[in-house]
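Counting convention: from 1, in listed order, for ligands and their atoms alike.
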Amino acid sequence: MPTFEVNGAPLHYLDVGHGPSTVVLLHAFPLHGGMWAGQVPALTARHRVIVPDYRGLGQSGSPPVASTMAILAEDVRALLAHLRIERAGVAGLSMGGYLAFEVWRQAPGLVRGLALCDTKAGADTAEGAAGREAFAKSALEHGLGWVADQMTPKLLKPNPEPAVVKQVRALIGAGTPAGVAAAQRGMAVRPDSTPTLATVTVPTLVVVGEEDGLTPPAEAEKLVAGIRGARLVKIPGAGHLPCLENPGPFTAVLAGFFDGLPD
Ligand code: MLT
């Protein structure tokens with residue numbers, strides 16, 4: 001899979017399928033683009049699909065001290081410019097949703113439609129941001145095994161399937177402690193996207209796992225209330241990662257949304 005050097009950082013990405021339209025998939029923390037493996041084949045039937053890993057996660061390198069949404073959105077835009085892609089549907093799950101909001105703010109003309117999955121608009125509280133700093137320090141000290149122990153139960157529904165637990169731990173294990181710390185520090189300073197909701201003018205799909213404990217369905221309902229014409233779909237049998245926990249219905253909803261976007 002290719003790597004492109006963006007602003008001094010080697011950015012690893014998947015580029016599969018043929019247009020005419022393009023879909024960009026933005027992953028959750030602390031995973032990497034491989035979390036979309038179940039969705040990519042359904043999307044490539046009709047779209048070119050671009051799946052980056054953020055700096056320091058998956059196979060992308062050189063994380064800054066804080067992977068702010070501004071830096072990551074500039075990376076995504078530079079990658080798309082490099083690939084000569086002028087417009088794309090954008091799906092973001094959780095941290096990927098925070099990033100999708102920033103891509104929209106930086107370059108609304110780039111975005112044909114938004115799929116906001118298991119994410120929320122609000123910024124961190126002071127307490128939440130302090131918790132992220134503590135997590136960042138512990139990740140640097142204790143490593144990715146510790147990160148997987150902390151995060152996996154939060155990401156999945158209660159009593160998750162062992163195969164999915166294994167998958168999530170492997171996705172986390174492909175990153176670096178510095179990348180995990182940078183992502184936490186970047187999310188801690190992300191802006192409040194609540195005022196952004198009313199600015200969204202492209203078709204928007206909101207998806208949430210019914211058993212998502214990190215960004216529960218109530219957060220998804222706030223997104224739908226704030227974005228004109230947005231549609232909400234709840235995925236049963238899934239926590240924060242319906243792409244892995246119940247990929248059948250999740251993939252069908254996502255592909256149906258992107259297939260139906262107007263040009
Ligand atoms: C994620 O899944 O990307 C994270 O749980 C988001 C967050 O920590 O706010």
Side-chain angles (χ1 to χ4, degrees), residues 24-36 39 51-58 60 63 66-69 71-73 76 90-103 115-139 144 146-157 160 164-165 167-175 177 179-194 206-209 211-220 222-223 235 238-246 250:
V24 181
L25 303 175
L26 302 174
H27 64 80
F29 167 86
L31 310 179
H32 63 78
M35 73 167 226
W36 297 106
Q39 287 69 56
V51 193
D53 293 344
Y54 313 147
R55 298 176 184 218
L57 297 176
S60 290
S67 292
T68 62
M69 297 311 110
I71 290 173
L72 298 184
V76 170
V90 178
L93 195 147
S94 199
M95 179 182 176
Y98 309 158
L99 177 53
F101 282 128
E102 184 62 31
V103 171
L116 301 168
C117 313
D118 298 272
T119 193
K120 63 185 175 197
D124 278 4
T125 59
E127 192 187 355
R132 289 194 194 275
E133 181 56 31
F135 190 107
K137 287 189 174 129
S138 294
L144 294 174
W146 178 88
V147 172
D149 291 345
Q150 297 298 309
M151 287 304 298
T152 308
K154 293 184 188 151
L155 292 169
L156 299 176
K157 67 180 176 183
V164 178
V165 172
Q167 244 178 325
V168 170
R169 292 188 68 94
L171 287 161
I172 294 171
V180 168
Q184 283 286 36
R185 288 172 172 149
M187 287 191 287
V189 295
R190 74 186 188 281
D192 181 4
S193 291
T194 308
V206 178
V207 188
V208 66
E211 297 173 66
D212 186 342
L214 280 178
T215 48
E219 292 291 350
K222 284 190 222 166
L223 298 180
I235 305 292
H240 192 59
L241 298 176
C243 54
L244 299 173
E245 298 179 87
N246 197 356
F250 179 81

Check: When the ring planes of Phe29 and Phe135 are compared, do they come out parallel, tilted or perpendicular, using 30° and 60° as the limits?
Finding: perpendicular
Check: Should Glu245 and Lys157 count as an ion pair when the cut-off is N to O under 4.0 Å?
Finding: no
Margin query: Could you report the tightest heavy-atom contact between Asp192 and Gly122, atom names first, then the distance?
Written below: OD1-CA, 3.5 Å
Item checked: Numbering as shown, the atoms of ligand 1 that approach Leu214 to under 4.0 Å (heavy-atom distance) -> 5 (O)
Next item on the list: Ignoring hydrogens, just give me the one of His27, Lys120, Arg132 whose non-hydrogen atom is nearest atom 7 (C) of ligand 1.
Entry: Arg132
Check: Based purely on interatomic distance, does Leu155 place a nitrogen or oxygen under 3.5 Å from a nitrogen or oxygen of ligand 1?
Finding: no
Check: Can you tell me which residue and heavy atom of the protein come closest to atom 9 (O) of ligand 1, and the distance to 0.1 Å?
Finding: Tyr98 OH, 2.6 Å
Checklist line | ligand 1 contact on Met187 by region, counting heavy-atom pairs under 4.0 Å | finding: side chain
Check: Do the side-chain N and O atoms of Asp212 and His240 include a donor-acceptor pair separated by under 3.5 angstrom?
Finding: yes
Margin query: Does ligand 1 come near enough to Met95 that some N or O of the ligand is less than 3.5 Å from an N or O of the residue?
Written below: yes
Check: Shortest non-hydrogen contact from Gly239 to Asp118?
Finding: O-OD1, 3.5 Å
Checklist line | Lys154 contact mode with ligand 1 (heavy-atom cut-off under 4.0 Å) | finding: neither
Margin query: Within the 4.0 Å heavy-atom shell around Ser94, which atoms of ligand 1 are there?
Written below: 1 (C), 2 (O), 3 (O), 4 (C), 5 (O), 6 (C)
Notebook entry, point to check: Minimum heavy-atom separation for Val164 to Leu244, with atom names?
Noted result: CG2-O, 3.9 Å
